[in-house]
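Everything quoted here is computed from the prediction, not taken from an experiment.
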Amino acid sequence: MTQILHDIEKRIITSLRDNSPQTSHNLEISTGLSADQIRRGVEWLKLKGFANIAESQSVHYILGKNGLESLENGLPERRLLDSLANGPQKPESLQKVLGDAFGPAVGMARKNGWIDTSGGVISLNHIPTQLPGEKSIKIISKSSISEGGITSDDLQHLLRRPDFVVQKVVKTRDISLTEKAASLELSGNDSAIDVEAQAPRIHIARNHPLKDVINEIRETFVTLGFSEILGALSQSSFWNFDALFTPQDHPAREMQDTFYLDGVRAENFASKKQISNVERSHRNGWHYTWNAAESARMVLRTHTTCVTIKYLAENQPDEARIFSLGRVFRNEKVSYKHLVEFNQVEGVLVGSGATLRNLMGIQKEFYKRMGLYKVKFWPTFFPYTEPSLQTMVYNDRLGKWVELFGMGIFRPEVTKPLGITKPVLAWGGGIERIAMLKYGIDDVRDFYANDMEWLRSASRCR
């Protein structure tokens, strides 16, 4: 039987005649071909009726972020029960030990009757020998376990919890030759190559231009000695507004400016002392009756300041250089300079000798490293800083000064209620605004318009 075959096809057939079936990965090793060559060659052989492909899949489990932490330190509820072994404790003491895991741990332990939460303290009823999920975490450990290698009920307990166990589906393709391929003659039938054929246009993968700016900003902060902190996109109104001395009747807190999560309320979002101090600060500073229930309303964060103020309140550092970068949300009318969802970055510096002059110097150095040299500062007002300044950057293309970041020193009404005793310098703003300057764009919506021609041709800013 005569059949014109490509060299790739002949090498695959030769290998399968010696050893069949094989996976695509095994064929790469046995033939010396690349993964793409194997994929194309197998498809050619399948279309000609020379190859069979049998697909199968298996399920494997690996530990997620919370699972790996529990492998190292124990499940949150195990750490809670161990902390209560020497006697009852107040919730705030346990919260300092367990951090964000405090709420889930208490909920799990109370549901199973392991603890008692009456009387304003948490006390131990009994400690089970093995908690649900502990066996599976030890079995999976830092490797991968197949679906049949683990107890079902114990595993299901972990799968219902976020990021404890990750399920991975592994697909396998076994390739073999058909009977029709047995009579093929593989010598002397090389196919011709058309050297004048039009080559396909290849678009090399690249980062989105906005992502390049985000990476550049992150790198600039790190080179200035700052460390990045992370926070959730949804926050309680307490950290998003109240802790920042924003009164509860402020226009920014109305539904036409902020996205609230319907039917969702925050629990254990702050300590009793923090809540009491913030309430007193609002009552003395704004002269109104503060509503604790309003603080429990969940919002899509309107800025990243909620992340940094919570970090400072929980850690109370004497000195710190930190920054937070990520998405924020505001219920605004979309225009050439406004979006309802955009990226923001904020930097914070804590130190006993920190001054407004230090803040202006850091800002100038930051902009210089971002390629923006014409900078000046303009007095302005922000609810949670005093004094406050607006950064102005000169746009050579437009021939005018444009607003960029806001900056200032956190007011005592913000820092004192949360136990922060050192001056806090803070600044931040929208990343898209910097990107517009660097790419010469007048409409912020262009970054999200998916104009493939522009995305492929836009040169990386340096």
Side-chain angles (χ1 to χ4, degrees), residues 58-83 91 94-115 117 122 128 130-147 149-170 228-240 259-271 295-301 304 306-308 310-311 314-315 324-329 341:
S58 59
V59 178
H60 292 256
Y61 300 99
I62 61 174
L63 295 181
K65 177 184 176 183
N66 293 331
L68 289 171
E69 183 179 352
S70 298
L71 176 66
E72 185 75 21
N73 304 315
L75 287 169
E77 52 269 30
R78 171 63 72 187
R79 286 184 277 148
L80 171 67
L81 298 177
D82 289 345
S83 298
L94 291 169
Q95 193 169 29
K96 289 183 178 180
V97 175
L98 297 173
D100 293 337
F102 172 75
V106 170
M108 183 69 67
R110 185 165 49 193
K111 175 183 176 182
N112 289 278
W114 301 329
I115 61 172
T117 58
I122 300 176
Q130 189 170 65
L131 300 180
E134 285 185 328
K135 180 179 179 181
S136 294
I137 284 180
K138 290 180 181 178
I139 292 174
I140 299 174
S141 188
K142 294 183 179 180
S143 60
S144 174
I145 299 296
S146 64
E147 191 171 25
I150 194 165
T151 304
S152 174
D153 292 342
D154 199 69
L155 174 63
Q156 291 301 319
H157 173 80
L158 292 175
L159 287 172
R160 289 191 291 268
R161 302 174 70 173
D163 210 17
F164 274 79
V165 173
V166 179
Q167 186 183 67
K168 296 184 67 177
V169 178
V170 179
E228 184 175 8
I229 59 173
L230 305 175
L233 296 180
S234 59
Q235 296 280 343
S236 67
S237 292
F238 180 85
W239 292 112
N240 198 81
F259 292 106
Y260 287 88
L261 303 184
D262 188 25
V264 181
R265 303 190 70 80
E267 295 183 5
N268 303 316
F269 52 83
S271 68
S295 288
R297 297 180 70 187
M298 291 294 293
V299 302
L300 294 180
R301 64 185 188 187
T304 53
C306 54
V307 177
T308 51
K310 185 177 181 182
Y311 174 88
E314 292 176 348
N315 295 274
S324 181
L325 186 156
R327 292 266 175 160
V328 297
F329 309 84
E341 179 181 351

Report task. Mind listing the closest non-hydrogen atom pair of N66 and P162 along with its distance? Result -> ND2-O, 2.8 Å
Query - Worked check of side chain to side chain contact (heavy atoms under 4.5 Å, CB included) between Q235 and V307 - result: CA-CA 9 Å; Q235 296 280 343; V307 177; 4.2 Å; yes
Query raised in the report: Could you state the interatomic distance from OH (Y61) to OG (S136), rounded to the nearest 0.5 Å?
Result: 10.0 Å
Requested in this report: Working to the nearest 0.5 Å, report the span between CG of N240 and OH of Y260.
Outcome: 8.5 Å
Pair up each side-chain donor or acceptor in residues 104-115 with any protein partner under 3.5 Å, not counting sequence neighbours, and list the distances.
| unit_1 | atom_1 | unit_2 | atom_2 | d |
| --- | --- | --- | --- | --- |
| N112 | ND2 | M108 | O | 2.8 |

Requested in this report: Flag the pair M298 / S236 as yes when at least one side-chain heavy-atom distance between them is below 4.5 Å, and no otherwise.
Outcome: yes
Query raised in the report: About how many Å separate CG of L80 and CD of Q95, when rounded to the nearest 0.5 Å?
Result: 12.0 Å
Query - From OG (S271) to CD (E314), nearest 0.5 Å - result: 9.0 Å
**Report entry** Residues in side-chain contact (heavy atoms from CB on, under 4.5 Å) contact with Q130, at least two apart in sequence or another chain
**Finding:** E134, K135
Report task. For S237 and R297, indicate whether the former's side chain and the latter's backbone hold a donor-acceptor pair under 3.5 Å. Result -> yes
Query raised in the report: S234 versus L261: any side-chain heavy-atom pair under 4.5 Å?
Result: yes
Query raised in the report: Tell me, which pairs form a salt bridge (Lys or Arg N to Asp or Glu O under 4.0 Å) where one or both residues lie in residues 260-271, sequence neighbours left out?
Result: none
**Report entry** F238-F269 aromatic ring centre distance below 6.0 Å
**Finding:** yes
Query raised in the report: Taking all atoms of both residues into account, what is the closest heavy-atom pair of P132 and L75, and its distance?
Result: O-CD1, 3.6 Å
Report summary line: Between the CG atom in L94 and the CD1 atom in I122, the distance rounded to the nearest 0.5 Å is 5.0 Å
Report summary line: The residue among L63, L68, L71 that forms side chain to side chain contact (heavy atoms under 4.5 Å, CB included) with I140 is L63
Query raised in the report: Between L81 and P128, is any pair of side-chain heavy atoms under 4.5 Å apart?
Result: yes
Query raised in the report: From L98 CG over to S83 OG, what is the distance, rounded to the nearest 0.5 angstrom?
Result: 5.5 Å
Query raised in the report: Which heavy atom of F164 sits nearest a heavy atom of P76, and at what distance?
Result: CZ-CD, 4.2 Å
Query - Evaluation steps, side chain to side chain contact (heavy atoms under 4.5 Å, CB included), between R79 and V97 - result: CA-CA 9 Å; R79 286 184 277 148; V97 175; over 6 Å; no
